[in-house]
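The block underneath contains the structure these notes are about, expressed in structure tokens.
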Amino acid sequence: MATDFEQRYIKARKSVVEADFMHLNEMQRKAVMTTQGPLLLLAGAGSGKTTVLINRILNILRYGSASDTTQLPPNASEEDIETMCGNNTVAARLAAAYEPCPPWNILAITFTNKAAAELKSRLEANLGAVANDIWAQTFHSACVRILRRNAERIGFSTSFTIYDSQDSQSVIKRIIKALNIDEKNYPPRMILSVISKEKDKLHLADHYLEIAKQSGDMRQTVIANCYKAYEKQLRDADAMDFDDLILNAVRLLQENDDIRSYYQKKFKYVLVDEYQDTNHLQYLLVSLLSGGYENICVVGDDDQSIYKFRGATIENILSFENEYKNARVIKLEQNYRSTAHILAAANAVIKNNTERKGKSLWTEDEEGELPHLHLAYNQDEEAQYVAEKILEGYAEGMRWDDHAVLYRLNSQSNAMEYAFKRRGIPYKVYGGMRFFDRAEIKDMLAYLNVISNPQDDLRLLRIINTPTRGIGNTSIEKLAQIANEEGTSIYDVINRCEEYPQLKTPSAHLRLFIDMINNLIEKSGTMPVDELYDEVVIRTGYLKSLEAKDTQENVTKAENVKELKSNILNYISESTDTTLFGFLDEISLYTDLDNLDKDADCVSMMTIHSSKGLEFPVVFLVGAEEGLFPSARSLGSHEDMEEERRLCYVAISRAKERLYISSAMQRMLMGKTTNNRISRFAEEIPDEHLKKDYIPKGRSFSDTSFDAEPRRQQPQSKFAPVITSKTAAATLPDFKTGDSIMHKSFGEGEITKMTPMGGDFLVEISFNCVGTKRLMLKAAARLMEKL
DNA sequence: CGCACCACAATTTTT
DNA sequence: TTGTGGTGCG
């Protein structure tokens, strides 16, 4: 039973902390001040989740457990209470702090580099250099950091190599060939996915092989043998794939009491972002790392769990309260992103799911515009509709990058791109080939990897004959065979190639190659990474071979090779660890999704999946059709359907001001034309929150099955017909450079420049009041007249 | 060894 | 419809 003094002390202390977080709403503040023990934070879309995470960390750093404990300092006095209630805020804060936490005892885990970088930079903005001591990292980079110290305990060197998914795939393909397995029945992708699932269950290859044998299932046994070979090859190469990073970190912690207790003592506070995306292994990792103090805060939104297919289990979030009996739960439901109508639409859709914690977003924001539903005849008309709306928005003064087009399948971008190109709308498609996936970049990184770890057969094989240096397939097969028989690496065999009579023919070429590699290895000991890279580019003859043929493709490749240099320089300037190891670590966990945002003013096009976490003033959700979204594969399964619905919820909740949903009655997919009904998700939005934009004559929304019409017959649309280059020229409004004009929104101005662009003109108008604006002529003309 | 041609498959994706 | 990967020829 707390004494009166204790109660007053605790209350006074709490209000000191509280005063620091008055800029937050009540629930956010509650989350920030709940620092002790397990906490499940259900944070809806746009509810200020990252802000809460940051402020929670600030609270922990400044005040320790002050806002959430009944413990008093041993020397607590009446004077302290006076100080805390007094006007001297500095003194009050000092008195309130109770075991403030050093930054290096805090671990904040995210999924993506981007999220980690955002966390870091916002913490740095608040704290300065101190922020660098907080472990704000991705799951994978945190594991690498732990493994780099301790990998020897589980049979790897501390300088192990990291394989990306492409590397894993190459390894599996080689194994399929070596084991003489039929690739048709056992696609590499499938095998890798089984291996990944087994790793998620903490099953190593031997364990799985046993399970497979006992089940008597031939297929499983075949896959298990692949797993076994895969595991061996990676171990021989001193390599870990992405799953291994987590798996091995978990095993390391489970099997070594000293290491586990070191980290459990170290991490007094653990925070996990996007908890709904975690898999079983990640759950284990988090519970191991936080196992000391159990001050674990997980943040997530069960309604935004959309990665089941890659192992995420919503179970982690749903059963958090069972795992931690004393867990507290706080919901953040106030939304600061979208207008009321858009939120209502999102809520209306998601409430049809049964497997959820139950949350309902609300806003103090105004109603805003009604979301629109447009029914198009086919994907081209749909694209045209989207383009029109974007041009309207642009003419109103919005930027291109205020707009985003979201779709279920990457292949849907084609029709959009075509329409955008034709109208000169600048756009960027996300999710295509990435910089670090390009062959030339992979080649250069393979060289660096071999220099850093010559035992890495996979990377060595990648570059042994790239550029061609007279080491053909036959020689490579022989090398691999010898290495396999002797249980050594290919690098070792080449080093002693003169000893083998069967390598007599290529031995001169092999010697030249291995001397070059050895020379580079030697240099890597003393040379800074950037200079070493220059050496690699020259000495390997890679750049020379690109310059030998003057094609556009090769010019681009050469540019990319040079671009990688600027990445290295950038790394050196930002990092303390400027060794080759350090750089390779960073790069192997890096995707260039991170620098998307700072790109030029462009409309964004991406899948709904990749839009998670982003927001745009105007969102187009295209392809809202049964069979496409929800996808045909989800139709049979309740569980999958709910995941699709969550996906829809994610899409809708990206929109801040305007939401356009569209549906094509006829769509070409994979070369076949299909007729689809409007997506059930669109139907789930009640009429008071959805403006049905366009209903073709004689057809209702509920009956959209209709006889396919030839697409040349244009529907009686209120929108412009498909614009071919000819009609475009004919219908161009009559404006020219030098014209004085009056614009509805921007007032008077003069046209200073006109640039033809995809059947339209980009006009530059110098307005008297609002400065110079660049508009697309056709869209702007409606709001303009000549003076 | 490099290129051309044909067969074939084809959610969603971070690290 | 599109992209990729494997095969066969010059």
Side-chain angles (χ1 to χ4, degrees), chain A residues 109-116 137-144 162-170 173 177 183-184 187-189 192-193 196 240-247 249 273-274 277-279 281-282 305-312 379 406-415 417-418 430-434 436-437 439 465-476 545 548-549 551 585-594 606-613 623 627-635 640 643-644 646-648 650-651 667-674:
Chain A
I109 304 190
T110 64
F111 263 88
T112 63
N113 292 314
K114 194 181 158 192
Q137 300 200 269
T138 65
F139 272 101
H140 297 268
S141 66
C143 288
V144 170
I162 301 169
Y163 277 5
D164 68 16
S165 336
Q166 273 187 44
D167 298 327
S168 303
Q169 190 140 67
S170 318
K173 278 187 177 165
K177 278 220 185 80
E183 203 172 318
K184 286 270 148 43
R189 259 183 40 155
L192 278 168
S193 126
S196 178
M240 300 189 198
D241 68 16
F242 289 138
D243 291 327
D244 291 337
L245 294 176
I246 318 269
L247 174 67
D273 196 10
E274 306 279 13
D277 288 340
T278 49
N279 62 25
L281 267 184
Q282 285 157 342
S305 162
I306 54 174
Y307 286 114
K308 193 183 126 194
F309 68 91
R310 68 178 197 212
Q379 72 267 31
L406 309 183
Y407 35 76
R408 181 66 236 266
L409 300 181
N410 280 311
S411 56
Q412 287 173 260
S413 72
N414 269 336
E417 288 186 65
Y418 185 62
Y430 294 124
M433 176 63 97
R434 304 197 202 113
F436 289 97
D437 289 340
N465 203 30
T466 316
T468 49
R469 42 175 79 89
I471 306 171
N473 273 331
T474 338
S475 316
I476 290 171
S545 82
K549 251 200 314 181
T551 61
D585 242 20
E586 169 112 345
I587 223 73
S588 56
L589 294 176
Y590 184 89
T591 57
D592 44 353
L593 204 74
D594 313 0
M606 66 186 84
T607 62
I608 303 168
H609 280 94
S610 32
S611 77
K612 208 181 74 169
L628 177 61
F629 187 35
S631 90
R633 298 179 191 224
S634 67
L635 295 179
D640 290 351
E643 175 125 335
E644 294 284 307
R646 290 192 290 269
L647 198 52
C648 184
V650 168
R667 178 178 299 274
M668 176 93 88
L669 272 176
M670 289 183 249
K672 274 207 290 275
T673 304
T674 53

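When reading the values below, keep in mind they use all heavy atoms of this one structure, side chains included, and skip hydrogens, waters and symmetry mates. Order of the sequence lines fixes the chain letters, A, B, ..., with proteins taken first and strands second; residue numbering starts at 1 for each chain.
- Listed candidates were dT11(B), dC1(B), dT15(B). Nearest to the side chain of Leu409(A) is dT11(B).
- Closest to the Leu589(A) side chain, of the nucleotides dT15(B), dT11(B), dT12(B), is dT15(B).
- Comparing dT11(B), dT15(B), dT1(C) against the side chain of Met668(A) picks out dT1(C) as the nearest.
- Across all strands, Thr468(A) comes closer than 4.0 Å only to sugar-phosphate atoms, never to a base (heavy-atom distances).
- By the 4.5 Å heavy-atom criterion applied to side chains, Ile608(A) and Phe629(A) are counted as neighbours.
- For dT12(B), the base is stacked against the aromatic ring of Phe309(A), per a cut-off of 5.5 Å between centres and 30° between planes.
- Within 4.0 Å of Ser165(A), counting heavy atoms only, lies at least one base atom of the nucleic acid.
- Look at Thr607(A) and you won't find any side-chain N or O under 4.0 angstrom from OP1 or OP2 of dT12(B).
- In this view, Thr674(A) and Arg667(A), Asn676(A) satisfy the side chain to side chain contact (heavy atoms under 4.5 Å, CB included) rule, not counting sequence neighbours.
- In the set dT1(C), dT15(B), dT13(B), dT13(B) carries the atom at the smallest distance from any side-chain atom of Tyr307(A).
- Counting heavy-atom neighbours within 6.0 Å of Phe309(A) CZ, excluding the residue itself, gives a total above 12.
- Glycosidic conformation at dT12(B) (O4'-C1'-N9-C4 for purines, O4'-C1'-N1-C2 for pyrimidines): anti, more than 90° from 0.
- Look at Asn410(A) and you'll find a side-chain N or O under 4.0 angstrom from OP1 or OP2 of dT12(B).
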